[in-house]
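Notes follow once the structure below has been shown.
Only this structure's heavy atoms are used, side chains among them; waters, hydrogens and symmetry mates stay out. The sequence lines fix the lettering, A, B, ..., with proteins before strands; numbering per chain opens at 1. Source: prediction; values computed, not measured.
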Number of protein chains: 2
Amino acid sequence: MTAAPVRRPRRHDPGRRDRLVATTVEVIAQAGVVGATHRAIARAADVPLGSLTYHFASLDELHTAAFTRHVDDVAPRFDERMATAPDGAAALEVLVGHLTDDLLASHRDFVLAVELYAAAARRPALRAVTQDWMLRSRRSLERHFDPVTAREIDAMVEGLTLHSALSTDPMTPAQIRAAFSRFAR
Amino acid sequence: MTAAPVRRPRRHDPGRRDRLVATTVEVIAQAGVVGATHRAIARAADVPLGSLTYHFASLDELHTAAFTRHVDDVAPRFDERMATAPDGAAALEVLVGHLTDDLLASHRDFVLAVELYAAAARRPALRAVTQDWMLRSRRSLERHFDPVTAREIDAMVEGLTLHSALSTDPMTPAQIRAAFSRFAR
DNA sequence: GACTCATGCGGACGAGCGTACACATCATGT
DNA sequence: ACATGATGTGTACGCTCGTCCGCATGAGTC
């Protein structure tokens with residue numbers, strides 16, 4: 001009797017490519033771009049190593065696809081929240097919620113943003129992804145504010161996000177609200 | 001006649017440790033933390049590979065020393081500039097100059113900042129370095145503004161830096177000046 | 001001048017990496 | 001039923017990496 005070789009059953013898996021991109025986003029969030037190796041991603045997605053080079057020509061391409069996906073996931077949600085605010089004052093209040101509830105709750109999104117910025121500083125493809133994200137945020141804010149103000153608010157959101165995520169002494173919701181109230185008409 | 005082995009002359013080099021830290025800062029600025037390997041740093045500093053492990057127990061320790069040095073280099077300069085401003089209005093104008101002249105000119109400092117943030121999200125030692133930097137910036141701003149406003153300005157500087165460095169469409173000095181004027185009393 | 005030890009040097013080791021590729025499998029069109 | 005090509009799998013290659021370590025050197029001390 002020959003021992004049956006331990007063999008993972010072959011799997012027909014349409015949409016694996018998409019699933020790999022989604023998994024890569026999570027691996028980057030957990031281990032950074034530096035930790036998002038072919039092998040780490042393959043392990044996380046439970047696929048063989050060779051599957052990655054089949055679906056993506058290079059690791060860079062996979063990273064880029066992951067960041068692009070993340071932006072395409074986050075930007076529309078932000079836009080939707082901006083769209084539901086009836087006026088500028090409500091929009092500012094949405095921003096307060098965005099910074100207190102969402103971002104503080106998910107270290108994940110902060111890591112993804114900052115990993116993208118660092119990678120974008122060195123890789124033109126990712127710089128384009130970042131610029132797209134910034135532009136979409138500004139467009140969402142322009143639902144309620146003029147372009148110049150929208151840009152200032154966008155910068156403020158970025159800065160407060162950083163402070164909230166890395167500070168020992170996070171700002172209170174009241175302080176954040178006060179900061180945004182500078183932009184009220 | 002035996003060929004003389006090509007041998008770099010041994011060098012007595014006091015302060016090599018400091019020089020290695022300084023070199024590491026530059027390598028990180030050029031190639032990111034990911035590119036700041038023992039070998040890359042040794043090459044840049046023109047020292048043999050073994051010298052790095054002699055002076056630093058691990059690569060992490062060297063990276064941390066590099067970021068610490070960078071903060072100790074940048075923070076006092078910012079504080080000095082704030083100290084020379086006679087009043088709040090002048091301080092805001094210093095910030096405009098800081099964002100238009102200094103940061104746009106040196107991609108270097110932007111890369112170092114964003115690399116630090118990304119690394120800090122994962123490594124407690126670097127998080128402490130980042131928090132120290134943030135605190136010192138706020139203290140500098142408190143020379144002219146109350147603590148709450150100082151914090152808001154600090155966040156705005158951070159956000160505008162990001163936008164200036166990564167945007168296709170950088171803000172004009174006039175726009176930056178207008179943004180900071182929201183904090184004038 | 002002899003001793004000592006901090007410092008400097010170069011090579012080596014094992015691990016993990018990106019990528020390539022030969023082969024297995026199966027959905028699909030005929 | 002068969003052919004075909006897209007998809008899935010396992011393994012191997014060459015490379016770079018962090019770290020280690022034996023040895024060389026020479027400044028400082030007596």
Side-chain angles (χ1 to χ4, degrees), chain A residues 2-25 27-28 30-67 115 119 122-123 125-126, chain B residues 2-25 27-28 30-67 115 119 122-123 125-126:
Chain A
T2 60
V6 190
R7 186 84 83 118
R8 219 173 351 188
R10 183 191 190 72
R11 284 178 263 178
H12 179 52
D13 188 359
R16 171 178 289 192
R17 195 190 144 95
D18 278 355
R19 201 162 51 82
L20 286 178
V21 176
T23 302
T24 302
V25 174
V27 174
I28 292 175
Q30 285 211 353
V33 171
V34 68
T37 66
H38 276 139
R39 285 166 177 82
I41 297 163
R43 215 176 303 128
D46 191 31
V47 302
L49 176 60
S51 187
L52 293 177
T53 52
Y54 173 72
H55 286 288
F56 302 91
S58 74
L59 188 57
D60 271 14
E61 185 184 312
L62 180 49
H63 288 160
T64 303
F67 280 120
E115 286 282 339
R122 218 174 338 279
R123 281 165 41 187
L126 291 180
Chain B
T2 60
V6 191
R7 184 88 84 120
R8 221 179 340 194
R10 183 190 188 72
R11 285 180 263 176
H12 178 53
D13 188 0
R16 172 178 288 193
R17 196 190 143 96
D18 278 354
R19 199 162 54 83
L20 287 177
V21 176
T23 302
T24 302
V25 174
V27 174
I28 292 175
Q30 286 211 351
V33 171
V34 69
T37 66
H38 275 139
R39 285 167 177 81
I41 297 164
R43 214 175 305 128
D46 190 33
V47 301
L49 177 60
S51 187
L52 292 176
T53 52
Y54 172 74
H55 287 287
F56 302 91
S58 75
L59 188 58
D60 271 12
E61 186 184 310
L62 180 49
H63 288 159
T64 303
F67 280 120
E115 286 283 337
R122 219 174 339 280
R123 282 166 38 189
L126 290 181

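For the pair A/Leu52 CG and C/dT19 C1', the computed distance is 11 Å after rounding to whole Å. Taking atom CG on A/Leu62 and atom P on C/dT19, their separation rounds to 10 Å, with Å as the unit. Here the C1' atom of nucleotide D/dA6 and the CZ atom of A/Arg16 are 13 Å apart, to the nearest Å. Atom pair B/Asp46:CG and C/dC9:C1' shows a separation of 13 Å (rounding to whole Å applied). Atom CZ in A/Arg17 sits about 15 Å away from atom P in D/dA6, given to the nearest Å. In this entry the distance linking CD of A/Glu61 with P of C/dT19 reads 10 Å, nearest Å. Atom pair A/Leu20:CG and D/dT7:P shows a separation of 13 Å (rounding to whole Å applied). Whole-Å rounding puts the B/Arg19 CZ to C/dT7 C1' distance at 14 Å.
Side chain of A/Glu115 to main chain of A/Val33: a donor-acceptor pair is present (N/O by atom type, distance under 3.5 Å, no hydrogens or angles). Side chain of B/Ser51 to main chain of B/Pro48: no donor-acceptor pair is present (N/O by atom type, distance under 3.5 Å, no hydrogens or angles).
Both A/Ser58 and B/Ser51 sit near DNA chain C, but only B/Ser51 has its closest nucleotide nearer the 5' end.
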Quiz item: Nucleotide by nucleotide, 5' to 3', does protein get under 4.0 Å of the base (B), only the sugar-phosphate (S), or neither (-) in nucleotides 11-17 of chain C, counting heavy atoms?
Solution: -B----B
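What you find for A/Val21 and A/Ala65 is that their closest heavy atoms are CG1-O, 3.5 Å.
With sequence neighbours excluded, the residues forming a side chain to side chain contact (heavy atoms under 4.5 Å, CB included) with A/Ala36 are A/Val27, A/Ile28, A/Ile41, A/His63, listed by chain and number. Under the side chain to side chain donor-acceptor pair (under 3.5 Å) criterion, B/Thr23 pairs with no residue, sequence neighbours left out.
Taking side-chain N and O atoms only, A/Tyr54 has a distance below 4.0 Å to OP1 or OP2 of D/dT7.
We find the CD-OG1 distance between A/Glu61 and A/Thr53 to be 11.5 Å, quoted to the nearest 0.5 Å.
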